[in-house]
**Q** 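Have a look at the structure that comes next, please.
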Protein chains: 2
Amino acid sequence: MNDAEKMLLQLQALSHPVRLWIVAALTRERALYVSHLAREAGISRPLMKMHLRKLENAGLVASATGQADNGKMANFYRVTSFNLALSPETIAQVGPLPETLSVRGDSNV
Amino acid sequence: MNDAEKMLLQLQALSHPVRLWIVAALTRERALYVSHLAREAGISRPLMKMHLRKLENAGLVASATGQADNGKMANFYRVTSFNLALSPETIAQVGPLPETLSVRGDSNV
DNA sequence: TTTACATGTAATTTTTTTCTTACGCAATAT
DNA sequence: ATATTGCGTAAGAAAAAAATTACATGTAAA
């Protein structure tokens, strides 16, 4: 995966209100587990899991198994120390996205 | 519009390969008009217009009417000098998104 | 005048993403 | 034992985003 693809993946991961909230929550709380996050956010656990997966695929959060307050094993997430600088220059630098410049005929538009 | 909403709008605007390409192109070329951009990107003009509108709504590009090489009036776009720093800290700072914490009952999940 | 190229927009389809619901399994506490 | 709380996953509905297509207008050049 090149730089442009990675940047895109990170941007897509962060472009949702719930996922921004997750990052903020994990920044304040060090580590939280899935069910807990789902409750706090007011969404279902499967949905929370999907959001977390998206963030994890982009490398913005990481997961580990641990023990919750109540003794049950839980799936904890923490935020990674990413730093993404977005300016015209940094975007221009990463270069083209593969397959973005697909062959396509112009029409009467 | 608060900081969190603005950040989200910018993230959503940048989370698409074509729109990243547009920003890169406008960074290199100072200003380009819609039809020209559409041809270069290999997409239809209405679609290019939609992408540009999304970028413009986020304040990442700006438009102005001008004259193209061929004498025809054209709708030029240029990139603005935005600078968006994305890290756990900057995201945690912007605060909560309105209505993100909607009331919702837990179910058997 | 006809061709070419620029504009705008609306309606519709296609595709992707988001979200819900429902199932099953494991472990702890009552 | 039974309730509670954690986990995972898969199927399908709903919503949002992306993309196509088609129409209409204005102007410069051949």
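Letters A, B, ... are given to chains in the order of the sequence lines, protein chains preceding strands, and every chain is numbered from 1. A quick note: this is a predicted structure, and the numbers were derived from the prediction, not measured.
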**Q** Looking at C/dT17, I'd like to know if its phosphate oxygens (OP1 or OP2) sit under 4.0 Å from a side-chain N or O belonging to B/His16.
**A** no
**Q** Quick one: list whatever passes side chain to side chain contact (heavy atoms under 4.5 Å, CB included) with B/Leu9, sequence neighbours left out.
**A** B/Met1, B/Gln12, B/Ala58
**Q** Please list residues of residues 66-76 of chain A whose heavy atoms come under 4.0 Å from any atom in DNA chain D, ordered by number; otherwise none.
**A** A/Asn70, A/Lys72, A/Met73, A/Ala74, A/Asn75
**Q** Under the rule for side chain to side chain donor-acceptor pair (under 3.5 Å), what residues qualify as partners of A/Glu89, not counting sequence neighbours?
**A** A/Ser87
**Q** If the condition is side chain to side chain contact (heavy atoms under 4.5 Å, CB included), which residues does A/Met7 pass it with, not counting sequence neighbours?
**A** A/Leu11, A/Leu84, A/Leu86, A/Ile91, A/Val94, B/Leu20
**Q** Rounded to whole angstroms, how far apart are CE on B/Met48 and P on D/dT20?
**A** 12 Å
**Q** Once rounded to the nearest 0.5 Å, what's the spacing between atom CZ of B/Arg19 and atom CG of A/Leu8?
**A** 10.0 Å
**Q** I need the CD-P distance between B/Glu40 and C/dA6, as an integer number of Å.
**A** 12 Å
**Q** Examine D/dA18: is either OP1 or OP2 under 4.0 Å from a nitrogen or oxygen in the side chain of B/Arg19? Give yes or no.
**A** yes
**Q** Rounded to the nearest Å, what distance is computed from the CZ atom of residue A/Arg39 to the C1' atom of nucleotide D/dT4?
**A** 11 Å
**Q** CG of A/Leu32 versus P of D/dC7: gap in Å, rounded?
**A** 12 Å
**Q** The criterion is side chain to side chain donor-acceptor pair (under 3.5 Å); which residues satisfy it with B/His16, sequence neighbours excluded?
**A** none
**Q** With rounding to the nearest 0.5 Å, note down the distance linking CE in A/Met50 to CD1 in A/Ile43.
**A** 9.5 Å
**Q** Find the distance B/Leu11:CG to C/dT17:C1' and express it as a whole number of Å.
**A** 17 Å
**Q** Rounded to the nearest Å, what distance is computed from the CG atom of residue B/Leu47 to the P atom of nucleotide C/dA11?
**A** 19 Å
**Q** Hey, could you give me the CG/OG1 distance between A/Leu60 and A/Thr80, rounded to the nearest 0.5 Å?
**A** 5.5 Å
**Q** Let me know the distance between CG of B/Leu9 and C1' of D/dA17, rounded to the nearest Å.
**A** 14 Å
**Q** Once you round it to whole Å, what is the distance between C1' of D/dT4 and OH of A/Tyr33?
**A** 12 Å
**Q** Can you list the residues that meet the ring-ring contact (aromatic ring centres under 6.0 Å, His included) rule with A/Tyr33, with sequence neighbours excluded?
**A** A/His36, A/Phe76
**Q** Near DNA chain D, which residues from residues 49-63 of chain B have a heavy atom under 4.0 Å away?
**A** B/Met50, B/His51, B/Lys54
**Q** For residues 63-73 of chain B, please give each side-chain donor-acceptor pair under 3.5 Å, one per line with the distance, not counting sequence neighbours.
**A**
{"from": "B/Ser63", "atom 1": "OG", "to": "B/Glu56", "atom 2": "OE2", "distance (Å)": "3.0"}
{"from": "B/Gln67", "atom 1": "NE2", "to": "B/Gly71", "atom 2": "O", "distance (Å)": "2.8"}
{"from": "B/Asn70", "atom 1": "OD1", "to": "B/Lys72", "atom 2": "N", "distance (Å)": "3.3"}

